[in-house]
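In this text the structure is predicted, and so the values were computed from the model without any measurement. First listed ligand is number 1; within each ligand, the first listed atom is number 1.
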Amino acid sequence: MSPQPAWWKEGVVYQIYPRSFQDSNGDGKGDIPGIISRLDEIAALGVRVIWLSPVYKSPQIDNGYDISDYYSIDPIFGTMEDMDRLISEAKKRNIGIVMDLVINHTSDEHQWFQKSRRREDPYTDYYIWQGLPASSAQSKKNLPNNWTSFFMEDCWEYDDLRGEYYLHLFHKKQPDLNYKNPLVYDEVKNILQFWLDKGIAGFRCDVINVIWKTSLADGKKSIMLTGLEHYKCQEGNHDILQKLRKDVLSNYDCFTVGEAVMINLDDAKLLSNADRQELDMVFYFDHLEVDRRFARFIPKQFSAAQLLHRLTKWQQGLDWNAIYFENHDQTRIVSHYGDDSGAGERDSHWERSAKLLAALQITLRGTPFVYQGQEIGMTNFDFSSFNQIKDIETHNLNRLMKKLCFPAWLRWKWLKLSSRDNTRTPFQWTAGEGAGFSTGQSWLGINANHTKLNYESQKNDADSVLSFYKKMINLRRSSEVLKYGEFKPLLATKKLLIYSRESVQTENSSYKEAASSEAYIIACNFSGKRIKLSGEARVLLQGTLAVSNIGRTQWNTSQTFLEAWEAVVLRV
Ligand code: TEU
């Protein structure tokens with residue numbers, strides 16, 4: 001079935017991690033005036049929406065995903081006046097702003113929590129408190145249940161003042177809200193309304209499929225996330241999303257994309273298929289874990305066939321997809337599925353594979369989300385010790401692995417591969433000191449490769465990774481079939497994948513429509529070696545060249561090879 005057209009399906013979203021994007025006052029942390037100063041560069045990429053990771057007031061224990069006031073801006077990022085200016089300056093460029101909505105938990109420094117600790121009404125039951133018999137209250141062995149957190153710790157913290165434990169699925173400074181209390185729902189409704197009335201374009205909803213805890217009973221023991229079955233995608237969770245849609249979101253021209261953790265396709269359909277009236281799209285993780293075990297932590301062999309298989313499942317299974325290859329919790333895609341060797345150099349494997357990944361992402365069916373720095377092919381960090389890592393998740397994991405007696409070299413190997421700081425290093429604007437990000441000491445290390453790999457050197461270079469992203473985004477904008485057409489897998493091997501985008505043919509399509517319909521065939525060589533095309537692949541690869549990532553000017557249909565990291569987009 002052809003999806004209902006919508007502006008947020010046609011545009012591209014650009015994710016900004018404000019702390020690392022552009023500093024304007026020399027404190028080493030990015031800020032909102034910095035973002036405003038770069039709006040022209042963002043507009044030049046051809047994006048329709050900016051998603052801002054949290055800029056609300058926060059003690060910054062989890063870089064803003066621990067909110068202490070939903071109605072004010074953290075001073076490190078600026079003021080509410082700056083925020084209003086960002087919204088209006090972006091609007092002038094036809095760019096909508098999407099806010100990050102973190103409502104599973106707040107910071108423990110939020111006044112709701114402070115009042116809840118003191119049992120001050122109406123806040124007493126805003127969080128999930130559990131008492132224990134006095135005799136066992138402070139013994140670690142007697143926690144209210146056996147759940148484990150996303151950051152690999154116990155999920156319960158004892159609060160002396162209240163004399164009870166509170167639940168935290170993430171860090172202990174991120175207590176979970178209690179959605180069984182209708183007052184909490186009302187607070188959330190007000191937050192949404194406040195920001196939508198300011199003219200924002202929607203929300204990216206953090207861990208939105210775990211907000212309703214059906215029961216607090218012990219969970220089935222598991223290496224990761226014991227207790228998950230009591231709170232993942234529960235009926236009560238769906239009810240809240242439907243209610244928010246009906247009460248608030250449906251009154252505005254906006255969209256929502258929900259980060260949904262540990263989900264399968266059936267969960268995703270319930271959360272995002274259009275007739276359900278919950279979210280518009282979901283972020284799932286399956287396509288980024290082809291070469292990983294235990295979420296993204298332990299490496300295994302990559303296979304292009306497995307990637308195509310997973311992509312196909314979601315491309316064909318959902319009404320509409322959110323297509324992302326990077327975000328602030330992941331690693332850089334060129335270092336992950338590509339090859340970052342020769343970063344910043346012309347025609348290196350870095351340049352080819354960064355472009356190949358752009359060609360893949362932008363020709364999939366769904367709204368593309370490009371993470372800051374992805375458009376210039378930024379790579380994983382080049383840190384050499386744990387001291388340079390700031391991410392709390394990485395430090396928690398390190399502690400846990402140490403407790404389990406993993407040797408230091410293995411801990412480093414795996415954590416370097418998975419640390420969230422890989423995508424959090426400052427944006428590389430220039431080759432100069434501070435990479436044009438800040439005149440001060442930046443809060444996190446800047447990758448040494450900024451001297452070769454930076455925005456300035458790519459902006460006027462027609463063959464740069466940046467120009468390639470622009471070209472792909474333009475192509476998508478101009479093509480109905482790339483926006484709304486069907487996705488069909490055609491062929492895959494360990495290194496090669498081929499698929500098509502074709503017009504949606506219904507029983508009612510006229511002969512003329514069918515005959516004039518455009519299609520695209522996309523082929524990607526996921527290897528650093530030239531590969532020979534099989535007879536079957538050669539039959540499939542017919543058409544005129546729309547895009548090449550290696551500077552081909554035409555496609556010869558008797559072509560028998562794809563070069564190292566080559567991608568071709570053919571128009572049929
Ligand atoms: O992330 C939720 C989440 O489950 C992960 O991606 C998680 O951070 C971890 O990497 C699992 O291995 C969201 C935010 O994107 C993240 O930055 C926050 O730390 C987290 O929620 C808590 O708000």
At under 4.0 Å between heavy atoms, what of F151 touches ligand 1? The answer is side chain

Record the part of F297 in heavy-atom contact with ligand 1 below 4.0 Å; permitted values are side chain, backbone, both and neither.
-> side chain

Does M262 approach ligand 1 within less than 4.0 angstrom via side chain, backbone, both or neither, non-hydrogen atoms only?
-> neither

Test item, Q330 contacting ligand 1 (heavy atom, 4.0 angstrom) = no

Those atoms of ligand 1 less than 4.0 Å from some heavy atom in R424 | 17 (O)

So with a 6.0 Å cut-off around CD1 of I223, is the heavy-atom count from everything else above 12?
-> no

Can we say K269 and D267 salt-bridge, meaning some charged N sits less than 4.0 Å from an Asp/Glu carboxylate O?
-> no

Salt-bridged, K173 to E109, with N to O below 4.0 Å?
-> yes

Flag yes if more than 12 heavy atoms outside K57 fall under 6.0 Å of its NZ atom; otherwise flag no.
-> no

Quick note on ligand 1: atoms under 4.0 Å from a heavy atom of D62 include exactly 18 (C), 19 (O), 20 (C), 22 (C), 23 (O)

Heavy-atom distance to atom 20 (C) of ligand 1: which of F283, F170, Y17, F150 wins?
-> F170

Tell me which protein heavy atom sits closest to atom 9 (C) of ligand 1, plus the residue, atom name and distance to 0.1 Å.
-> E393 OE2, 2.6 Å

Provide the number and element of each atom of ligand 1 under 4.0 Å from a heavy atom of V207.
-> 2 (C), 21 (O)

For atom 15 (O) of ligand 1, the closest protein heavy atom turns out to be D329 OD2, 2.5 Å

At a non-hydrogen distance cut-off of under 4.0 Å, which region of H171 contacts ligand 1 (side chain, backbone, both, or neither)?
-> neither

For K198, does the NZ atom sit with more than 12 other heavy atoms under 6.0 Å from it, leaving out its own atoms?
-> yes

Which is closest to atom 4 (O) of ligand 1 in terms of heavy atoms, V261, D206, N327?
-> V261

Any Lys/Arg nitrogen of R292 or E289 sitting under 4.0 Å from an Asp/Glu carboxylate oxygen of the other?
-> no

Look at R420 together with D62 and state whether they make a salt bridge at an N to O cut-off of under 4.0 Å.
-> yes

What atoms of ligand 1 come closer than 4.0 angstrom to any heavy atom of H105?
-> 22 (C), 23 (O)

Looking only at non-hydrogen atoms, the one of R204, R296, E259, R420 nearest atom 2 (C) of ligand 1 is E259

List the atom of H168, the atom of D176, and the distance in Å for their closest heavy-atom pair.
-> CA-OD1, 3.3 Å

Flag yes if more than 12 heavy atoms outside K180 fall under 6.0 Å of its NZ atom; otherwise flag no.
-> yes

